[in-house]
Each structure stands twice: as structure tokens, then as C-alpha cells.
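Heads up, the thing below is written out as C-alpha cells.
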Amino acid sequence: MSNTDTNRILDVIEAFFEVGRTKDTATLYNLQLDDTRFSSFSDVPPLDMKDFKTTLMLEELRFVSISDYNYKMINPKVSIFGDSAVVALELQQTGMLVDNKNYTGEHISVDGRATFVLVRINREWKIVHIHLSRS
């Protein structure tokens with residue numbers, strides 16, 4: 001396991017959460033593997049396994065509906081197995097959940113956990129599975 005790969009993997013995860021700040025949702029397409037093997041879980045209903053297309057739609061909706069988004073990745077652990085990697089971390093997310101129809105907002109603060117599985121394809125790391133849940 002090289003520090004270079006570890007840093008590249010953490011850069012991918014950081015870029016994923018930075019979408020919440022930048023609102024540049026096109027970045028999500030570049031970070032995740034558009035493939036039938038992609039999957040995601042979260043603790044937001046419905047609790048079924050999501051495919052690539054559904055995950056992207058929900059991620060875009062989530063990130064654009066939270067203003068003043070901020071996050072902190074705590075104790076990330078990167079484990080590399082050849083061309084695969086697992087990242088596990090604790091996560092703090094804050095922001096204002098915006099309801100544009102009623103022009104209201106609700107401050108949110110979520111402590112959670114995250115697991116990402118990545119694969120290296122053509123020397124580039126891509127997310128192939130995500131599991132996010134509240135602590």
C-alpha cells in the first residue's frame with residue numbers, strides 16, 4: 001500500500017463530500033463507477049439497495065437542498081487490496097435544510113458513519129459502493 005494511493009483514495013472521498021459545498025453535482029459522475037456493479041445503502045428511506053442512476057439522483061437532491069453545508073471526516077481508515085480499497089470513517093455533517101417552496105430552513109447536524117468501496121480502473125480510483133448511516 002503506497003501513501004500515494006492512500007492520498008488519492010482520500011482525495012476521491014473528500015471530493016465526494018465537497019459537492020455539498022460547491023453544488024457541482026457533475027463531479028459525482030466522475031467519482032463513481034457507472035456500472036451495474038455499483039450499489040449504495042443509506043438510512044434514509046426507502047432502505048433498499050440503490051443502483052448508480054438512483055444513487056446519483058438522490059445525492060444530487062441531497063447536496064443541493066442543504067445550504068451552508070459542511071462536513072468533517074474523522075479517523076478515516078483506508079485498506080487497499082490490490083485494485084480494490086475500503087474506506088471507513090466517522091462523519092459529521094452540518095448545514096441548513098432548505099425548503100424552497102415555503103422559504104424555510106431547518107439547521108441539521110448529523111453524526112454518522114460511512115463506508116466506501118473503491119476500485120482502480122486505468123490508474124484512477126472510482127467509488128463502486130457507498131454505505132452511509134447515522135451514529
Side-chain angles (χ1 to χ4, degrees):
M1 171 170 63
S2 76
N3 276 342
T4 302
D5 278 330
T6 298
N7 290 338
R8 286 181 181 160
I9 290 165
L10 287 173
D11 287 347
V12 169
I13 304 307
E14 188 115 12
F16 176 86
F17 290 111
E18 279 295 315
V19 170
R21 289 186 187 171
T22 65
K23 308 304 182 205
D24 180 10
T25 57
T27 300
L28 295 169
Y29 290 86
N30 299 325
L31 299 174
Q32 299 172 100
L33 185 66
D34 184 357
D35 188 284
T36 57
R37 295 170 289 183
F38 180 93
S39 59
S40 73
F41 282 117
S42 80
D43 60 357
V44 178
L47 302 176
D48 61 336
M49 188 181 324
K50 313 287 188 294
D51 62 9
F52 179 79
K53 184 178 176 183
T54 304
T55 298
L56 278 173
M57 179 189 64
L58 293 171
E59 289 168 349
E60 289 174 349
L61 181 62
R62 177 176 68 120
F63 282 133
V64 299
S65 64
I66 301 174
S67 68
D68 302 323
Y69 178 80
N70 206 349
Y71 69 95
K72 183 177 180 183
M73 298 187 327
I74 303 164
N75 299 322
K77 179 181 178 185
V78 178
S79 302
I80 300 174
F81 307 95
D83 288 333
S84 303
V86 176
V87 180
L89 56 98
E90 295 171 65
L91 181 64
Q92 292 177 339
Q93 299 177 90
T94 59
M96 182 70 66
L97 188 59
V98 179
D99 179 351
N100 288 327
K101 289 184 179 179
N102 297 316
Y103 302 103
T104 60
E106 174 188 347
H107 180 73
I108 59 168
S109 180
V110 178
D111 291 331
R113 298 169 294 202
T115 304
F116 292 84
V117 178
L118 296 90
V119 292
R120 182 173 29 207
I121 298 177
N122 299 326
R123 298 171 30 167
E124 189 175 6
W125 289 99
K126 299 276 189 175
I127 299 168
V128 71
H129 178 77
I130 303 168
H131 190 146
L132 301 171
S133 62
R134 293 175 187 252
S135 294

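Numbers here are sequence positions counted from 1.
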Could you tell me whether the side chain of Trp125 reaches within less than 4.5 Å of the side chain of Val119, counting heavy atoms only?
-> no
Taking side chain as C-beta onward, heavy atoms only, is Phe81 less than 4.5 Å from Val86?
-> yes
Minimum heavy-atom separation for [X] and [Y], please, with both atom names.
X	Y	answer
Leu89	Pro76	CB-CA, 3.8 Å
His107	Thr94	CE1-CB, 4.5 Å
Ala114	Leu132	CB-CD2, 3.4 Å

Please tell me whether [X] and [Y] are part of a single hydrophobic cluster in this structure, the criterion being side-chain heavy atoms less than 4.5 Å apart.
X	Y	value
Leu61	Leu28	no
Tyr29	Leu33	no
Val117	Ile13	no
Val87	Ile74	no
Met49	Phe52	no

Keeping the roles fixed (side chain from [X], backbone from [Y]), state whether a donor-acceptor pair exists under 3.5 Å.
X	Y	value
Arg8	Glu124	no
His131	Phe116	no
Lys50	Asp48	yes
Asp43	Arg134	yes
Lys23	Ser65	no

Nearest 0.5 Å, what's the [atom1]-[atom2] distance between [X] and [Y]?
X	Y	atom1	atom2	result
His129	Ser84	NE2	OG	13.5 Å
Asp5	Ile80	CG	CD1	4.5 Å
Leu56	Leu31	CG	CG	9.5 Å
Ile130	Leu118	CD1	CG	9.0 Å
Lys72	Leu91	NZ	CG	11.5 Å
Asp34	Asp51	CG	CG	9.5 Å

Which residues pass the side chain to side chain donor-acceptor pair (under 3.5 Å) test with Thr27, sequence neighbours left out?
-> Asp24
The side chain to side chain donor-acceptor pair (under 3.5 Å) partners of Glu14 (sequence neighbours excluded) come to Tyr71
Considering residues at least two apart in sequence or located in another chain, which fulfil the side chain to side chain contact (heavy atoms under 4.5 Å, CB included) criterion with Ser135?
-> Asp111, Arg113
Does the pair Asp35/Arg37 count as a salt bridge with the N-to-O cut at 4.0 Å?
-> yes
Is Glu18 salt-bridged to Arg21, cutoff N-O under 4.0 Å?
-> yes
Phe16 vs Glu59, side chain to side chain contact (heavy atoms under 4.5 Å, CB included): CA-CA, chis, key distance, verdict | CA-CA 10 Å; Phe16 176 86; Glu59 289 168 349; 3.3 Å; yes
